[in-house]
2 protein chains.
Amino acid sequence: MSTPAQRPDRRVSRTRRLLREALTSLILEKGYDAVTIEDITRRADLGRTTFYLHYRDKEHLFLESIEQSADELARQIVQIPAETLFNENGEGAGLPIALVFEHAAQNADLYRAMLRSEGSIKATSRLRELTIQYALEFTRRWWERRGLTSEPHIPLEVIAQFFAASLLGTLVWWLEAGMPYPPRQMAAFFRRLVLDGLRSVTESH
Amino acid sequence: MSTPAQRPDRRVSRTRRLLREALTSLILEKGYDAVTIEDITRRADLGRTTFYLHYRDKEHLFLESIEQSADELARQIVQIPAETLFNENGEGAGLPIALVFEHAAQNADLYRAMLRSEGSIKATSRLRELTIQYALEFTRRWWERRGLTSEPHIPLEVIAQFFAASLLGTLVWWLEAGMPYPPRQMAAFFRRLVLDGLRSVTESH
DNA sequence: ATAATAATAGACAGACTGTTTATGATTATA
DNA sequence: TATAATCATAAACAGTCTGTCTATTATTAT
């Protein structure tokens, strides 16, 4: 997070990358639980002991992938200028959500591996945490920006949690179904559902 | 599902119940992954080999708990008369959702164990499946009842999936947070969010 | 009362984990 | 390009868990 970045030994970054890639592909093939350390190192073409030089266990390796991917996405979202970030219509409306779906599409394998709940330990859990955290901050800023000082009828925490859960759930379904709609359209669906609710979908004939 | 119900040997139902209870409590204590078969049988005060007389592995035991609980809830919901089931206001409005939150509150331990994503294999996955399936059917009937024949702007599948994900997510958060609001109120929060959307929450001053 | 069924302890091979040790290979840097 | 530091490696290890089998005892339904 804030080390002076003594650039790591080339062997180290290579090894770590190979291990991450091996784990992701193996999860998709046989499911998280079934993957052994030896599977990983065999696919990465590394000695089994090498694994323990870098990670305590499978979980730590996977968590690294998650944090890395979350950082990458967060960096993209942060770049959106504050003026357009909260636009509900017109330019830039829904941009953060669109970025999420596009980032997921570009890293579909990793996302699938991360979100597939069939045996993901605290990996999925961590992803949830990160999303809720982000949603909470976003919701809070949104609220403030509207000059609303009084508490909403529904606690902010509930709102943020609702947002995170529906976003992650929608992502899971979309990825597992083979991304049947393009990212932009999926983002639009989601935005409509989460902002205007189910009722609005049936009301507009 | 349709066996003539040759009532099982008393020893069998006792053993199975003890195993289910032991697993649930152990999951809450050390997390799904960390629970071994021996842990389970020791807590249930049964021989380890006995376990294998009834279940192939931990997963099958847990899946049985899930199916059983889902059946119980479904039986309650099915009892709601069709007239009030789809009421959006007035009598019976939101009853199914309220039932879910109340059932979760009454079986909080089991629900926590089921929903805690930290290592739940395909258990959580199965729960998702069941919920989506139910949400899909419900949404379809709702749609039909409104006499709407044309497809909605958003595919029904997306809607059902959205509903299921937000419901399960909200449940998880609520249970893990120690049920900070009573079931009825939580159900009302959820109903408001899912039916009218986030925007409505900030618009009503 | 008794035949059928269920539970048990004990022993087993096989798989995986995480650590240690001693050795060989690659890298950064001067 | 020499060399000291770092990294990767194989081999061997004890420890844990799994799932199966066998022979024996206990409980149940009728």
Side-chain angles (χ1 to χ4, degrees), chain A residues 3-65 113 118-123, chain B residues 3-65 113 118-123:
Chain A
T3 34
Q6 171 87 6
R7 194 201 291 104
D9 192 307
R10 203 186 298 149
R11 287 167 295 180
V12 172
S13 42
R14 176 179 175 276
T15 298
R16 296 190 134 120
R17 178 177 49 77
L18 289 173
L19 289 173
R20 277 196 308 268
E21 289 169 1
L23 177 55
T24 302
S25 67
L26 282 164
I27 289 176
L28 293 180
E29 283 169 32
K30 37 189 334 206
Y32 183 88
D33 281 342
V35 178
T36 70
I37 307 295
E38 194 168 6
D39 286 337
I40 301 172
T41 51
R42 194 171 342 104
R43 171 145 319 178
D45 198 20
L46 293 167
R48 193 172 70 89
T49 29
T50 306
F51 179 92
Y52 294 101
L53 250 45
H54 297 275
Y55 303 99
R56 191 179 330 180
D57 50 33
K58 211 179 17 164
E59 192 169 303
H60 276 75
L61 170 56
F62 198 37
L63 283 173
E64 190 184 80
S65 295
E118 313 154 17
S120 322
I121 35 102
K122 56 186 55 162
Chain B
T3 33
Q6 171 86 8
R7 194 201 293 103
D9 193 309
R10 203 186 301 148
R11 287 168 293 181
V12 172
S13 42
R14 176 178 174 276
T15 298
R16 296 192 134 120
R17 179 179 48 77
L18 288 174
L19 289 173
R20 276 197 308 269
E21 290 169 2
L23 178 55
T24 302
S25 67
L26 282 164
I27 289 176
L28 294 179
E29 284 170 29
K30 35 190 334 207
Y32 184 87
D33 280 342
V35 178
T36 70
I37 307 294
E38 194 168 5
D39 286 337
I40 302 172
T41 51
R42 193 172 342 106
R43 169 146 319 178
D45 199 19
L46 294 167
R48 193 172 71 89
T49 31
T50 306
F51 179 93
Y52 294 101
L53 251 43
H54 297 274
Y55 303 99
R56 192 179 329 183
D57 50 32
K58 213 180 13 168
E59 192 170 301
H60 277 76
L61 169 57
F62 198 37
L63 282 173
E64 190 184 80
S65 295
E118 314 154 15
S120 323
I121 37 103
K122 54 187 55 159

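Residue T15(A) places at least one side-chain N or O closer than 4.0 Å to OP1 or OP2 of dA8(D). At dA8(D), one or more side-chain N or O atoms of H54(A) fall inside 4.0 Å of OP1 or OP2 (strictly under the cut-off).
At a threshold of 4.5 Å between non-hydrogen side-chain atoms, the residues R16(A) and L19(A) do not count as touching. Side-chain contact between L46(A) and I40(A) is absent, with no heavy atoms from C-beta onward closer than 4.5 Å. At least one side-chain heavy atom of D39(B) sits less than 4.5 Å from a side-chain heavy atom of R42(B).
If you take CG of L18(B) and P of dT27(D), they are 15 Å apart, rounded to a whole angstrom. Per the geometry, NZ belonging to K30(A) stands 12 Å off C1' belonging to dA15(C), to the nearest Å. Rounded to an integer number of Å, the gap from D9(A) CG to dA4(D) P is 18 Å. Nucleotide dT9(D) holds its C1' atom 12 Å from the CG atom of D45(A), rounded to whole Å. If you measure from atom CG of L53(A) to atom P of dT26(C), you get 16 Å, rounded to the nearest angstrom.
Of the residues listed (E21(B), E29(B), E38(B)), the one engaging R43(B) in a side chain to side chain donor-acceptor pair (under 3.5 Å) is E29(B), and it is the only one.
Rounded to 10 degrees, the angle separating the terminal axes of the helix from dA1(C)-dT30(D) to dA30(C)-dT1(D) is 50°, with each axis obtained from five end pairs.
Taking CG of L18(A) as the start and CZ of R14(A) as the end, the distance is 5.0 Å to the nearest 0.5 Å.
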| message | For nucleotides 10-20 of chain D, give me one character per nucleotide, 5' to 3': B if any protein heavy atom sits under 4.0 Å from the base, S if the only such contacts are to the sugar-phosphate, - if neither. | response | BBB----SBBB
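Looking at R11(A), its side chain comes within 3.5 Å of the base of dT6(D) through a donor and an acceptor atom.
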